[in-house]
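Because the structure is a prediction, the values reported are computed rather than measured.
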Amino acid sequence: MWILTLFLQDSIKMFEYDNKDEARAEFEKADDCKILSEIIHFKDFEKRGKIKTSEVRNPPWKR
């Protein structure tokens, strides 16, 4: 998932896209301050078999 965030004078607007090409096209069209972010959900990796829950290490603050 891709998120386009636009910082306007009096507000912030966010738009969600399913593919990179569509998000990139809208990013190029947008003016003002903008950020394009890719959001990767942990569950997406589990579904694809790329990572197993047992392989995830605990973050340092939980030790």
Exercise. Got a second to check how far D21's CG is from E26's CD, nearest 0.5 Å?
Worked result: 12.0 Å
Exercise. Rounded to the nearest 0.5 Å, how far apart are CH2 of W2 and CD of E22?
Worked result: 12.5 Å
Exercise. Between K34 and F27, does a side-chain contact (heavy atoms from CB on, under 4.5 Å) hold up when you go through it step by step?
Worked result: CA-CA 7 Å; K34 57 192 175 182; F27 178 80; 3.4 Å; yes
For this session: Evaluate the side-chain contact (heavy atoms from CB on, under 4.5 Å) criterion for residues D32 and L8: first the C-alpha distance (whole Å), next the side-chain angles of each, then the deciding distance (0.1 Å), finally the verdict.
Result: CA-CA 7 Å; D32 298 321; L8 307 171; 3.8 Å; yes
For this session: Go through the steps for Y17 and I3 under the test side-chain contact (heavy atoms from CB on, under 4.5 Å), then give the verdict.
Result: CA-CA 6 Å; Y17 301 94; I3 304 291; over 6 Å; no
Problem set entry | Chi angles and distances behind the side-chain contact (heavy atoms from CB on, under 4.5 Å) call for F15, L6 | CA-CA 8 Å; F15 303 91; L6 301 177; 3.6 Å; yes
Exercise. For atom CG of D18, is the number of surrounding heavy atoms from other residues, nucleotides or ligands below 6.0 Å larger than 12?
Worked result: no
Problem set entry | salt bridge (Lys or Arg N to Asp or Glu O under 4.0 Å) partners of E16, counting only residues at least two apart | none
Problem set entry | ILVMFWY cluster, I12 and L4 together (side-chain gap under 4.5 Å) | no
Exercise. Does one hydrophobic cluster hold both M1 and M14, with members joined at side-chain heavy-atom distances below 4.5 Å?
Worked result: yes
